[in-house]
Amino acid sequence: MDFQLYDSLSRSARPLAAADDKELRFYCCGPTVYGPAHIGNFRTFILQDVLRRSLEALGHKVRHVRNLTDVDDKTIRQSREEKRSLAEFTAHWTKRFHEDCAALNLLPPHVEPAATAHIPQQIDLIGKLIDKGHAYRANDGSVYFRVSSFSDYGKLSRLKDREILTGRPGSADDAAGPVDADEYELDSAADFALWKSRKPDDGEVFWPSPWGEGRPGWHIECSAMSMAYLGETFDLHGGGVDLVFPHHENEIAQSEACTCQPFARHWFHSAHLMVEGRKMSKSLGNLHTLDDIRARGVSPAALRYALLSGHYRQPLNFTWETIHSAESALEKLRKFRRQLADSAGDTTAPENGGWGSFSPVAAALADDLNTSAALGAVFRGIREVDATSPETAAAAIASLDRALGALGLALAEEKPSAAIPADITRLAEERWAAKQAKNFAEADRLRDQLKAQGWTTLDRKDGYDLEPLA
RNA sequence: GGUGAGGUAGCCAAGUGGUAAGGCCGGAGUCUGCAAAACUCCUAUACGCGGGUUCGAUUCCCGCCCUCACCUCCA
């Protein structure tokens, strides 16, 4: 199936395809590991994951690379404040990131390169840029990219249509505060750092280079690592919209100035997540992490569902009502699947079944990753499912799983049932006995008591189930 | 100010030049001692405002109002 995806460089929907017709090479800008990722970060990573899963479900092969930014101002500053080495600090947050990704059912990328593990590649790239006249060394030992040397600069973010650039490179990024213009000898305020010379605030974080001790600039790692694992030209590059400028613009400049080859052939940018109608920010206190979500009793799967409920190019408004809605919708799907499983019994479907009544899900995903329409198609699909025999039920499960699998919404695993304390069991037993004896007043009293302790009882004809209150 | 995205029923959210997916919420019925759960069914004169093009616009064009984002921290 032809897969259409909007390309933010050409500003049009284009067929997404591997240049070599074999494997789609996909690079994603990953997290800076200096703290827990927030749900906005995860919106982007989940979208990338769904894109990959959808392509794979439709028979495409994908090579997925997502980097880890484990050296920058934030990681250095924070690790110093905590009096930990940079490596120890970033390892801790990397582990946490991986745990969160697993909880959200994100497929691990095939390669997850860390910036600090690719310093030589970055130095090599910077050296080539100097040799070709695209970069210069300032008198403090830092190396800058000369924006004026790259005529295509601004093609991704339409810089020409914007106001003239002002400000100083690295100033907001520099813990030392505003810098003296003479010190840096910049050719242009738009020039950006490729290599930052060692500063006192960097502590022990530095590497030797032909330009003295220092560390890589913000953008160079992605150019170096994408080239290392995917080649000078690759098929698709993804990230949040905020990375369009300057990060991706600078990646293009560095890479294309160096190789004289196109960098990424297709750009995939996902819109931001809003919280309660506002931008997420620490000052508003709405920068939720996965732990915050779980503390509210929401499952990671529901978060994933909620983050897929809108189209990726549209800002999505996250509210607690939305996520409650997602939890309910997901529970409806789980129940439906359980019923199918009951009907199917031991019968299993052949491996290579199709999408069945869920083929519109595939069509929606292949049409610019329309997850919202895909979710709608899932619900329309379940109405059309034929489960009149174990065989058809088994086939329906297979096609449902295929559709939900493309969205990364695995329902197969049951919710772990919470352990029921003995006193709760005893109360429930007493209530059941009272009910059987038609002593309803006593039964209701005991039911209230259970409720007060956070449990609810669901009666059947021949017994009852106990469930914790949500 | 510049650039970009958007305003669809109570909420979230697709989509289309010919009268509008889906989810949540809500309601009814079945069941139940009553509930809850489950199952079945259902509702809603929803397309920001004003013009224009058209046989016909929510969908294209123009203007306006409002919201949000980006403009060197940012997924």
Side-chain angles (χ1 to χ4, degrees), chain A residues 8 11 28-32 34 37-48 72-74 77 157-174 189-193 218-219 238-247 249-250 269-274 277-282 287 305-306 308-311 313-333 335 339 360 364 367 370-383 435 438-441 443-444 447-448 451 456-461 464-465 467 469:
Chain A
S8 30
R11 294 180 185 253
C28 301
C29 289
T32 301
Y34 73 108
H38 56 69
I39 58 177
N41 295 315
F42 283 120
R43 179 185 193 196
T44 295
F45 298 137
I46 286 171
L47 253 359
Q48 291 161 351
D72 80 323
D73 291 331
K74 294 190 291 283
R77 191 187 315 129
S157 52
R158 276 190 178 174
L159 219 52
K160 280 182 184 139
D161 296 335
R162 298 191 184 201
E163 288 186 318
I164 291 168
L165 290 171
T166 55
R168 299 198 49 80
S171 59
D173 195 34
D174 195 327
D191 292 352
F192 57 91
W218 176 27
H219 316 290
V241 276
D242 53 297
L243 296 184
V244 170
F245 186 84
H247 186 56
E249 197 69 71
N250 291 353
H269 288 109
S270 37
H272 273 177
L273 182 69
M274 319 275 291
R278 315 188 68 172
K279 178 185 178 173
M280 278 194 300
S281 76
K282 276 179 185 161
L287 228 164
Y305 185 104
L308 293 176
S309 66
H311 188 90
R313 282 197 278 136
Q314 240 35 276
L316 179 71
N317 188 23
F318 175 92
T319 66
W320 294 106
E321 197 175 339
T322 305
I323 199 140
H324 172 70
S325 153
E327 193 84 86
S328 299
L330 214 42
E331 189 53 29
K332 187 169 169 179
L333 293 174
K335 278 167 184 156
Q339 287 172 356
D367 179 15
N370 193 334
T371 52
S372 185
L375 250 15
V378 167
F379 284 94
R380 266 180 291 131
I382 69 178
R383 281 194 226 134
K435 183 188 168 181
K438 300 214 184 295
N439 185 354
F440 298 124
D444 288 350
R447 183 166 61 194
D448 286 343
K451 204 172 184 177
T456 185
T457 163
L458 284 69
D459 293 355
R460 300 185 311 266
K461 275 259 184 290
Y464 61 91
D465 291 319
E467 278 190 7
L469 286 169

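Per chain, numbering begins at 1; letters A, B, ... match sequence-line order.
Distance CZ (Arg313(A)) to P (rG6(B)): 8 Å, rounded to an integer number of Å. Distance Tyr305(A) OH to rC24(B) P: 7 Å, rounded to the nearest Å. Atom-to-atom, CH2 of Trp320(A) to P of rC25(B) comes out at 18 Å; the value is rounded to the nearest Å. Here the P atom of nucleotide rA38(B) and the CG atom of Leu333(A) are 13 Å apart, to the nearest Å. A straight line from NE2 of His219(A) to C1' of rU72(B) spans 7 Å, rounded to a whole angstrom. Separating the CD atom of Glu249(A) from the P atom of rG4(B) is a distance of 15 Å, rounded to the nearest angstrom. Rounded to whole angstrom, the span from the OH atom of Tyr34(A) across to the C1' atom of rA75(B) amounts to 11 Å. Between Asn317(A) atom CG and rG7(B) atom C1' there is a gap of 13 Å when expressed in whole angstrom units.
Counting all heavy atoms, side chain and backbone alike, Leu316(A) lies closest to Ala306(A) at CD2-O, 3.4 Å. The minimum heavy-atom distance between Phe45(A) and Cys29(A), with the atom names listed, is CE2-O, 3.5 Å. Residues His272(A) and Val241(A) approach most closely at CD2-CG2, 3.9 Å, considering heavy atoms. Here the closest non-hydrogen pair linking Ser157(A) and Arg11(A) is C-NH2, 4.5 Å. Nearest approach of Lys435(A) to Phe440(A), heavy atoms of both residues: O-CE2, 3.8 Å. Taking every heavy atom of both residues into account, Asn250(A) and His219(A) meet most closely at ND2-NE2, 3.0 Å.
Comparing rC34(B), rC71(B), rA69(B) by their closest approach to the side chain of Asp459(A) singles out rC34(B). Here the side chain of Arg383(A) is nearest to one of rG23(B), rA14(B), rA75(B), namely rG23(B). Taking the side chain of Ala443(A) as heavy atoms from C-beta on, and the options rC25(B), rC71(B), rG33(B), the nearest nucleotide is rG33(B). Proximity note for Ser309(A) (side chain, C-beta onward) versus rA75(B), rC12(B), rG33(B): the nearest is rC12(B). For His272(A), the side-chain atoms get nearest to rA69(B) when compared with the rest of rA69(B), rA37(B), rC39(B). For Leu316(A), whose side chain is taken as the heavy atoms from C-beta onward, the closest listed nucleotide among rA5(B), rA13(B), rG23(B) is rA13(B). The nucleotide whose nearest atom lies closest to any side-chain atom of Asp444(A) is, among rU72(B), rA5(B), rC34(B), rC34(B). For Ala329(A), taking side-chain heavy atoms from C-beta onward, the closest of the listed nucleotides rC11(B), rG33(B), rG23(B) is rG23(B). Nearest to the side chain of Arg11(A), among rC39(B), rA75(B), rG4(B), sits rG4(B). In the set rG23(B), rC71(B), rA69(B), rA69(B) carries the atom at the smallest distance from any side-chain atom of Lys279(A).
Considering only side-chain N and O atoms, Lys332(A) lies under 4.0 angstrom from the phosphate OP1 or OP2 of rG23(B). When the side-chain nitrogen and oxygen atoms of Lys335(A) are compared with OP1 and OP2 of rA37(B), none of them lie within a distance under 4.0 Å. The side chain of Gln314(A) places no N or O atom within less than 4.0 Å of a non-bridging phosphate oxygen (OP1 or OP2) of rA5(B). For the pair Arg380(A) and rG23(B), the criterion of a side-chain N or O lying under 4.0 Å from OP1 or OP2 is not met.
For the pair Gly376(A) and Thr457(A), both in contact range of RNA chain B, the more 5′-proximal nearest nucleotide belongs to Gly376(A). The nearest heavy atom of RNA chain B to Ala271(A) and to Ala377(A) marks one nucleotide each, and the one closer to the 5' end goes with Ala377(A).
Nucleotides rC42(B) and rG22(B) have their P atoms positioned 11 Å apart, rounded to a whole Å. Between rU58(B) and rC39(B), the distance separating the two C1' atoms is 37 Å to the nearest Å. rC25(B) sits 7 Å from rG10(B) when the C1' atoms are compared, rounded to a whole Å. Remark: the separation of the P atoms in rC62(B) and rG4(B) is 13 Å, to the nearest Å. Rounded to a whole angstrom, the distance from the C1' atom of rA9(B) to that of rA44(B) is 7 Å. Atom name C1', nucleotides rC47(B) and rA38(B): the rounded distance is 36 Å, in whole Å. For the C1' atoms, the distance linking rG6(B) with rA14(B) amounts to 14 Å, nearest Å. Between rU43(B) and rG27(B), the distance separating the two C1' atoms is 7 Å to the nearest Å.
Base engagement by Leu273(A) is indicated by at least one non-hydrogen atom pair under 4.0 Å involving a base atom. Residue-level contact check: Thr319(A) touches neither bases nor backbone, having no heavy atom under 4.0 Å from any strand. The residue His247(A) sits apart from the nucleic acid: no heavy atom pair falls under 4.0 Å. As judged by a 4.0 angstrom heavy-atom cut-off over every strand, Gln48(A) is placed among residues making no nucleic acid contact. Counting non-hydrogen atoms under 4.0 angstrom, Met280(A) reaches a base of the nucleic acid. At the heavy-atom level, Asn370(A) lies under 4.0 Å from the strands shown only through sugar-phosphate atoms. In this structure, Ser372(A) reaches the bases: a heavy-atom distance under 4.0 Å links it to at least one base atom across the strands shown. Heavy atoms of Phe440(A) sit under 4.0 angstrom from at least one base atom. When heavy atoms are screened at a 4.0 angstrom cut-off, Lys438(A) is found touching no nucleic acid atom at all. Nucleic acid contact class of Gly239(A) (heavy atoms, under 4.0 Å, all strands): sugar-phosphate only.
A side-chain contact (heavy atoms from CB on, under 4.5 Å) with Tyr305(A) holds for exactly one of Leu375(A), Thr371(A), Thr322(A); it is Leu375(A).
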Given the rule in the side-chain hydrogen bond (donor to acceptor under 3.5 Å, both in side chains) test, do Asn370(A) and Ser372(A) qualify, once you have shown the distances and angles that lead to the verdict? CA-CA 5 Å; Asn370(A) 193 334; Ser372(A) 185; 4.8 Å; no
Evaluation steps, side-chain contact (heavy atoms from CB on, under 4.5 Å), between Met280(A) and Ile39(A): CA-CA 9 Å; Met280(A) 278 194 300; Ile39(A) 58 177; 4.1 Å; yes
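The pair Asp448(A)-Lys451(A) does not meet the salt-bridge criterion, since no charged nitrogen lies less than 4.0 angstrom from a carboxylate oxygen.
Put simply, the side chain of Lys332(A) reaches to within 4.5 Å of the side chain of Phe379(A), judged on heavy atoms.
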Pairing annotation in dot-bracket form, given for RNA chain B with Watson-Crick or G-U pairs under 3.5 Å and | for cross-strand partners: (((((((..(((.....[...))).(((((.......))))).....(((((..]....))))))))))))....
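With hydrogens and angles ignored, no donor-acceptor pair under 3.5 angstrom links the side chain of Arg447(A) to the base of rA36(B).
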